[in-house]
Engineer: 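My questions will all concern the structure given below.
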There are 2 protein chains.
Amino acid sequence: MKKPKVNTMEELAEAIGVSRPTLSRYFQSPELVRRTTSLKIQRGLAKVEYVPNFFATRLNRKSTGIIGVIIPYLNDLFFSNLLECIEIAAMEAGYSVISKCSHSDPTIEAGAAESFMSMNVDGVLVAPLGNQSDADVHQRLQSRIPFVLVDSRPATMPDVDFVGTNHVQSTGLITEYLCRVGGPPVFLAMPRVNFNALEREKAYIAKMNELGHKPTVIGVQPVENHWHFEAHGEAVLSAHLARGQLGNESILCANDRVAIGALRAAARHGLSPGRGREGGLRIAGHDDNPLCPFTVPALTTVAQNFEAIAKASISRLVAIIRTQVAGGAAQVQLFDGELKIRESA
Amino acid sequence: MKKPKVNTMEELAEAIGVSRPTLSRYFQSPELVRRTTSLKIQRGLAKVEYVPNFFATRLNRKSTGIIGVIIPYLNDLFFSNLLECIEIAAMEAGYSVISKCSHSDPTIEAGAAESFMSMNVDGVLVAPLGNQSDADVHQRLQSRIPFVLVDSRPATMPDVDFVGTNHVQSTGLITEYLCRVGGPPVFLAMPRVNFNALEREKAYIAKMNELGHKPTVIGVQPVENHWHFEAHGEAVLSAHLARGQLGNESILCANDRVAIGALRAAARHGLSPGRGREGGLRIAGHDDNPLCPFTVPALTTVAQNFEAIAKASISRLVAIIRTQVAGGAAQVQLFDGELKIRESA
DNA sequence: CTCCCTTTTTTACGTGCGTAAACTTTACAG
DNA sequence: CTGTAAAGTTTACGCACGTAAAAAAGGGAG
């Protein structure tokens, strides 16, 4: 049952009885050799155990066929979903992806970038940390390899390709919905871990002003940069309710995880959010976390189209790779959010 | 501001004014060259932009310093947490990790394994899919590289190093708790995506028999292998309650995500699970998903010690790598679960 | 200044495969 | 059977670095 192990293409060529360059061509694409030799090679491969050396393969190629992906944080279903879609899109585009997680540490992010550069990856997709991200790292990446930002865009890098959600639209959409169906919402901010936090906040304020309402933001934490969104949401709303607010407001949370914490706070105060009761407490989120349909009550939110974002970012990256327009005009693609009306608002 | 780009060590050696082998030694460890030359090299490095080629570096080395990690599914906070801990543990052990996600597809899992073998990784950590996993792939991995299984262990591979949770203990623990504090629980099974599903089920049955109660399992789906645990939990419990069960049972769910679905079903039937009411509905989970403290009611569960699992698996893998005992006696390490009593049971 | 040891340089080869050019074989039509 | 194009082989070089051995340079003690 144990097949003899063959370590190099040279040995393999000898074992099968073809020349090494022919083998090389076969591995690049079996159609490049004659049908009969192709079969001969296939039969030979079935008889031995051989895997071409990854490093040797990439060492002397113009293109490595690798796309590097840097994600800030994995313990968040939004990012794991996004990453999954990105990997699948890249696979379909014929690239293999190597993904690294920053663990919300700029040093690790920089290391990942360094590592990708040293691998001569064909391109890099980065979902950046917030202000913590080292701007120099992004600069270097951009000047060396095809480079696209996803999800969140540092204000310091205006001329970079970017694919993300149109937060003005998405946040505006749910703000407008909340105003239309009930009282104008208060905005429960999230820790400023990235630039989307601020973008949503600003979008909320703009839409409120547009509709002639007075915007109110609670839960701003300029200093702390943590990812304990649920605890943040619960603490802020709990304090808010304890301060004597009667719980007949609409609360728009900066994201679903904050909203889940808020739902919890409401429940602890004996309140049951929902759009049914006129004037009652309502809570809405943002992102359409997979758990939203299962919270009690099910969370009304606005979905980010991360599938489209993933596909678009990969296809943009591939376009840059193909045409080598490293210095071309930066392209910004923003996708609309979609309202998911459930029970909580 | 722009530093001149240096592509090869040779160019770098010339630019700095030392020989290439000296540089090579410096990069392996700066202590290997004289203090003065070390400083000279450092000053030189500061003046140019140079990153050593990753592939060339690994091509001709006995050890690549890479650990490959294969995870079955990323859109689950348990696995993303586990992966995070594994990455950090490996980092601390001086290895860089490359992680691949199977996306619950045996073909992708096999491809990832292939890829790791072609990279001559020093070792591989695999959290396998269930019965879907290709046993041959694991066999090949084991016969070629240091190899450790994590989280779930195929019954077909008894003589492999394994690190995971002691489900007999953990499930027994919560079963015993539920029996002690209220009525003996019904077990709400999860889709059989891996072997843990069955292990927990068996552990529940064993503990119930031990305590002299009649075990009851609902929600078994032998065919479907999906990861929509919440929907599964909601559907099963909803049907169960609709069948006229009065909702005064204890429900032990196979994992927290199933339990979150069950909580939802309970809420829709007007029931509010909790240990407070004598004889009322109680719902418990397994895993201690990060969201458990924030569900309504907060979910009572039993935590897996994934931090310990991650550390132990990496340290076991490193031990195998160091001693080259590929054929040594397989070691199984099981970690106990810890009861997390909250509100739901 | 000389001897001896340490550090560095020179030189050379190896890693596994891509790739190009020149040459030889094979296939098929005429 | 012959000519020609396609397919295959041989040969040779390159990729960027690891590594070993020999030769040269440096540094301190006597």
Side-chain angles (χ1 to χ4, degrees), chain A residues 5-45 48-66 96 114-122 144, chain B residues 5-42 44-45 48-66 114-122 144:
Chain A
K5 204 179 298 176
V6 172
N7 288 314
T8 77
M9 246 176 86
E10 198 120 21
E11 294 178 39
L12 183 64
E14 193 179 4
I16 295 186
V18 295
S19 73
R20 195 178 63 77
T22 304
L23 263 186
S24 181
R25 247 179 303 149
Y26 172 83
F27 279 120
Q28 286 175 54
S29 176
E31 282 74 34
L32 266 62
V33 303
R34 203 193 301 151
R35 184 145 212 84
T36 55
T37 22
S38 174
L39 287 173
K40 183 178 176 185
I41 293 175
Q42 278 177 33
R43 277 196 305 269
L45 278 176
V48 298
E49 164 117 3
Y50 168 75
V51 281
N53 183 299
F54 186 82
F55 302 119
T57 321
R58 319 283 156 159
L59 179 57
N60 195 20
R61 260 195 194 144
K62 56 256 118 239
S63 158
T64 53
I66 300 174
S96 59
E114 202 76 10
S115 151
F116 285 149
M117 292 168 69
S118 81
M119 293 171 74
N120 289 327
V121 296
D122 288 347
R144 285 181 120 250
Chain B
K5 203 179 298 176
V6 172
N7 289 314
T8 77
M9 247 177 84
E10 198 120 24
E11 294 178 37
L12 182 64
E14 193 180 5
I16 296 187
V18 294
S19 73
R20 194 176 63 76
T22 304
L23 263 186
S24 183
R25 248 179 303 149
Y26 172 84
F27 279 121
Q28 286 175 55
S29 177
E31 283 74 34
L32 268 60
V33 303
R34 203 196 299 152
R35 183 144 212 86
T36 56
T37 22
S38 174
L39 287 173
K40 183 177 177 184
I41 293 174
Q42 278 177 32
L45 278 175
V48 298
E49 164 119 3
Y50 169 74
V51 282
N53 183 298
F54 186 82
F55 301 120
T57 319
R58 318 284 156 157
L59 180 57
N60 196 19
R61 256 192 196 149
K62 55 259 118 234
S63 159
T64 53
I66 301 174
E114 203 77 11
S115 152
F116 285 150
M117 291 167 69
S118 81
M119 293 172 73
N120 290 327
V121 295
D122 288 346
R144 285 180 120 252

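Letters go in sequence order (proteins before strands), and every chain restarts at 1.
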Engineer: Counting heavy atoms from C-beta on, name the nucleotide in D/dG8, C/dG16, D/dG18 closest to the side chain of B/Asn60.
Structural biologist: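 Among D/dG8, C/dG16, D/dG18, the one nearest the side chain of B/Asn60 is D/dG18.
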Engineer: Using a 4.0 Å heavy-atom cut-off across all strands, classify A/Pro21 as base, sugar-phosphate, or nothing.
Structural biologist: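 Base, at least one base atom sits under 4.0 Å.
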Engineer: Could you check which of D/dC15, D/dC17, D/dG18 has an atom nearest any side-chain atom of A/Leu59?
Structural biologist: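 Nearest to the side-chain atoms of A/Leu59, counting from C-beta on, is D/dC15.
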Engineer: If only side-chain N and O atoms of A/Tyr50 are considered, is one of them under 4.0 Å from the OP1 or OP2 phosphate oxygen of C/dC17?
Structural biologist: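 Result: yes.
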Engineer: What is the separation between atom CZ on A/Arg58 and atom P on D/dC17, rounded to the nearest whole Å?
Structural biologist: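 Atom-to-atom, A/Arg58 to D/dC17, this comes out as 18 Å.
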Engineer: Test for a donor-acceptor pair under 3.5 Å between the base of D/dG18 and the side chain of B/Arg20, counting only N and O atoms.
Structural biologist: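 When only heavy-atom distances are counted, B/Arg20 does reach the base of D/dG18 through a donor-acceptor pair under 3.5 Å.
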Engineer: Rounding to an integer number of Å, can you tell me how far B/Asn7 CG sits from D/dC17 P?
Structural biologist: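 Distance check: B/Asn7 CG to D/dC17 P gives 9 Å.
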Engineer: Report the residue (B/Arg34 or A/Val51) whose heavy-atom-nearest nucleotide on DNA chain C is the more 5′ of the two.
Structural biologist: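 So the residue in question is B/Arg34.
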Engineer: Any side-chain donor-acceptor pair under 3.5 Å between A/Thr8 and A/Glu10?
Structural biologist: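 The criterion, which ignores hydrogens and geometry beyond distance, is not satisfied for A/Glu10 and A/Thr8.
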Engineer: From NZ of B/Lys40 over to C1' of D/dG26, roughly how many Å is that when rounded to an integer?
Structural biologist: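 Answer to the nearest Å: 13 Å.
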Engineer: Which heavy-atom pair separates B/Ser63 from B/Asp122 by the least distance, and what is that distance?
Structural biologist: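 So the two residues come closest at OG-OD2, 2.8 Å.
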Engineer: Classify B/Arg25 by what it touches in the nucleic acid, base, sugar-phosphate, or nothing, heavy-atom distance under 4.0 Å.
Structural biologist: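 Base contact.
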Engineer: What is the separation between atom CE on A/Met119 and atom C1' on D/dC15, rounded to the nearest whole Å?
Structural biologist: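 From A/Met119 CE to D/dC15 C1': 16 Å.
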Engineer: Compare side-chain N and O positions of A/Thr22 against OP1 and OP2 of D/dT9 and report whether any pair is under 4.0 Å apart.
Structural biologist: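 Yes, within the criterion.
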Engineer: Just checking A/Ser24: base, sugar-phosphate only, or nothing, at a heavy-atom cut-off of under 4.0 Å?
Structural biologist: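 The answer is base, as A/Ser24 lies within the cut-off (heavy atoms under 4.0 Å) of a base atom.
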Engineer: Report the distance from atom CD of B/Glu11 to atom P of D/dC15, rounded to the nearest whole Å.
Structural biologist: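 Taking CD of B/Glu11 and P of D/dC15, I get 10 Å after rounding.
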Engineer: Any base atoms under 4.0 Å from B/Phe27, or only sugar-phosphate, or nothing? Heavy atoms, all strands.
Structural biologist: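 The residue B/Phe27 makes no contact with any strand.
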Engineer: So what does B/Phe54 hit on the nucleic acid, given a heavy-atom distance under 4.0 Å: a base, only sugar-phosphate, or nothing?
Structural biologist: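 No contact.
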Engineer: Restricting to non-hydrogen atoms, name the atom on A/Met9 and the atom on A/Arg20 that form the minimum distance, rounded to 0.1 Å.
Structural biologist: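 Closest approach of A/Met9 to A/Arg20, heavy atoms only: CE-O, 3.2 Å.
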Engineer: Once you round it to whole Å, what is the distance between C1' of D/dA20 and CZ of B/Arg61?
Structural biologist: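 Rounding to the nearest Å, CZ of B/Arg61 and C1' of D/dA20 are 17 Å apart.
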Engineer: Going by distance alone, is a donor N or O of one side chain under 3.5 Å from an acceptor N or O of the other, for B/Asn120 and B/Thr64?
Structural biologist: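 Note: B/Asn120 and B/Thr64 side chains miss the donor-acceptor criterion.
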Engineer: Do A/Ser19 and A/Thr22 have a side chain donor and acceptor closer than 3.5 Å?
Structural biologist: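 On atom types as modelled, these side chains qualify, holding a pair under 3.5 Å.
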Engineer: In whole Å, I'd like the distance from the CD atom of B/Glu31 to the P atom of C/dT7.
Structural biologist: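 Computing the B/Glu31:CD to C/dT7:P distance gives 13 Å.
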Engineer: Using whole Å, what does the distance between atom C1' of nucleotide D/dT10 and atom CE of A/Met9 come to?
Structural biologist: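 Those two atoms, CE and C1', are 14 Å apart.
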